[in-house]
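The residues of the chain are indexed from 1 along the displayed sequence. Everything numeric in this text was worked out from a predicted model, so none of it was measured.
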Amino acid sequence: MPDIASLEQDPAYDVTWPWTSGEPLVPGLTCVFRVRNEARNLPWVLPPVLDAVQHVLLVDNGSDDGTSDVARAVAEQHGAADRLTVLDYPHRVARAGGEHLATPATSVHSLTHFYNWCFSHVRTTYSMKWDGDMVLTPEGSGILRDLSWQLQATRAIVAIPRHPLTVVDESTGWLDLSLRFLEPWVYPMGPDTTFVKAFDWELREQPAGVERIVLQQGLVVEVKWLDADEYAHWRRDGVDFTNTRLYRKLREFEVDEAIRNGDPEALGGLVKVTAPEGVHIIDHVSRDWLWRQPRPLVQHSLPTSLKHRASKEHVRP
């Protein structure tokens, strides 16, 4: 019997955890990607992650841009094809917010069920939730590589700040250093760290008294492409973010709008970075620019209204 049977009674997408099926967990860290149409980002995202962890599990949720093929090709080129597993999850997953709230937690369309199904395929003692647009710096890759083994003697949760980079063109980008977007990414595997349903999204349970490790700034760049208009549905649907509980999403939307309107300086908190000739802006920021900045990273001032909203940010536990 599965641990979580899908509401739609599709046994291929029931959830069975390894500790109930008798499959042993081995020491190590598995990075779990849940992706859709991330082929553009993966050549930057995958290599440093493959350097940092023992295994990568990539779950493709209906991509039509060749995401899975790109992932396999990148892993092959990196000499790590044997450490990549690619799975397909063909069901449409409800968006965070109202759609998620209206979807039963055990439905194959629920974020909660989707996450539990993905992580039920992990066979190492630790797992890392990672997004298809997050690029580790070489320093970040090295720290995670060392940490993945040090964690084996304890049970700890690891949170990592990430810094959004809006790519304007191959040589120009705007880096947002105004806020600390902090979220737990690394967890021990076990029955007390599965996913449950919350109002707006899924939440991963945390064992009582678990140690929390917070890594330093400058280890992760979150890539946003200006030419992709990643916030088009927000504009089309007329979403009102005035009273949002999650300031981070509002901030991302406002940064995108300010850059499109040609006035990012007025928003505050953004740093324009220009790459040397022949170097892509993502490579420059992640491999050189961030490394050279003094710590702590400069926290540029925000307008008063934004400071007020930022103080109310809802931080995912």
Side-chain angles (χ1 to χ4, degrees), residues 3 12-13 15-36 38-39 41-61 63 66-89 114-160 162 183-195 202 204 213 215 219-220:
D3 293 298
Y13 296 97
V15 174
T16 301
W17 296 107
W19 43 86
T20 60
S21 65
E23 296 183 66
L25 296 177
V26 299
L29 174 61
T30 295
C31 181
V32 180
F33 288 92
R34 301 92 43 240
V35 294
R36 178 180 171 84
E38 294 287 3
N41 289 324
L42 290 181
W44 282 284
V45 172
L46 267 182
V49 169
L50 287 166
D51 287 341
V53 305
Q54 284 67 55
H55 199 84
V56 170
L57 171 64
L58 185 141
V59 182
D60 191 343
N61 184 213
S63 297
T67 288
S68 294
D69 292 337
V70 171
R72 294 187 183 96
V74 171
E76 181 71 32
Q77 293 164 7
H78 205 66
D82 60 328
R83 295 192 290 111
L84 171 71
T85 299
V86 177
L87 301 176
D88 291 318
Y89 192 88
F114 176 42
Y115 274 63
N116 279 326
W117 186 86
C118 293
F119 281 80
S120 71
H121 292 83
V122 172
R123 294 296 181 267
T124 53
T125 52
Y126 270 82
S127 64
M128 179 169 78
K129 179 170 72 77
W130 208 248
D131 294 344
D133 60 359
M134 290 168 44
V135 180
L136 269 172
T137 67
E139 181 184 14
S141 183
I143 288 173
L144 278 178
R145 182 168 57 250
D146 293 340
L147 190 61
S148 68
W149 292 112
Q150 295 170 12
L151 288 172
Q152 303 307 312
T154 184
R155 285 175 61 79
I157 292 170
V158 182
I160 311 173
R162 63 192 189 275
E183 185 175 340
W185 295 101
V186 178
Y187 280 79
M189 289 291 294
D192 51 0
T193 57
T194 60
F195 292 88
E202 84 301 328
R204 196 165 190 174
I213 300 171
L215 299 186
L219 304 182
V220 182

Residue pair [X] / [Y], side-chain heavy-atom distance below 4.5 Å:
| X | Y | result |
| --- | --- | --- |
| L144 | I160 | yes |
| M189 | W19 | yes |
| L58 | L42 | yes |
| Q54 | W149 | yes |
| F119 | K129 | yes |
| H121 | V59 | no |
| R155 | D192 | yes |

Would you say [X]'s side chain and [Y]'s backbone share a donor-acceptor pair under 3.5 angstrom?
| X | Y | result |
| --- | --- | --- |
| R204 | T193 | yes |
| N61 | R36 | no |
| R83 | L50 | yes |
| T154 | L151 | no |
| W117 | A12 | yes |
| Y126 | A156 | yes |
| W17 | V15 | no |
| S141 | P138 | no |
| R145 | D51 | yes |

Does either side chain, that of D60 or that of T67, offer a donor lying less than 3.5 Å from an acceptor on the other one?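 T67 and D60 do not have a side-chain donor-acceptor pair below 3.5 Å.
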What I want to check is whether the side chains of R123 and T85 have a donor and an acceptor closer together than 3.5 Å.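 T85 and R123 do not have a side-chain donor-acceptor pair below 3.5 Å.
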Where is the tightest heavy-atom contact between [X] and [Y], given as atom of each residue plus distance?
| X | Y | answer |
| --- | --- | --- |
| S68 | D88 | OG-OD1, 4.1 Å |
| P47 | H78 | O-NE2, 3.5 Å |
| S63 | V35 | OG-O, 4.1 Å |
| V53 | L29 | CB-O, 3.4 Å |
| V220 | T137 | N-CG2, 4.4 Å |
| E76 | A81 | OE1-CB, 3.3 Å |

Distance (rounded to the nearest 0.5 Å) between [X] [atom1] and [Y] [atom2]:
| X | Y | atom1 | atom2 | result |
| --- | --- | --- | --- | --- |
| D133 | F33 | CG | CZ | 10.0 Å |
| S21 | D3 | OG | CG | 8.0 Å |
| Y115 | E202 | OH | CD | 4.0 Å |
| T124 | L25 | OG1 | CG | 7.0 Å |

For the pair L215 and L147, evaluate side chain to side chain contact (heavy atoms under 4.5 Å, CB included) and give the outcome as yes or no after the intermediate values. CA-CA 10 Å; L215 299 186; L147 190 61; 4.3 Å; yes
Test applied, side chain to side chain contact (heavy atoms under 4.5 Å, CB included); reference residue, H55; option that passes from V32, D82, V122, T30: T30
Does D131 pair with R34 as a salt bridge, N-O distance under 4.0 Å?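 Yes, this pair counts.
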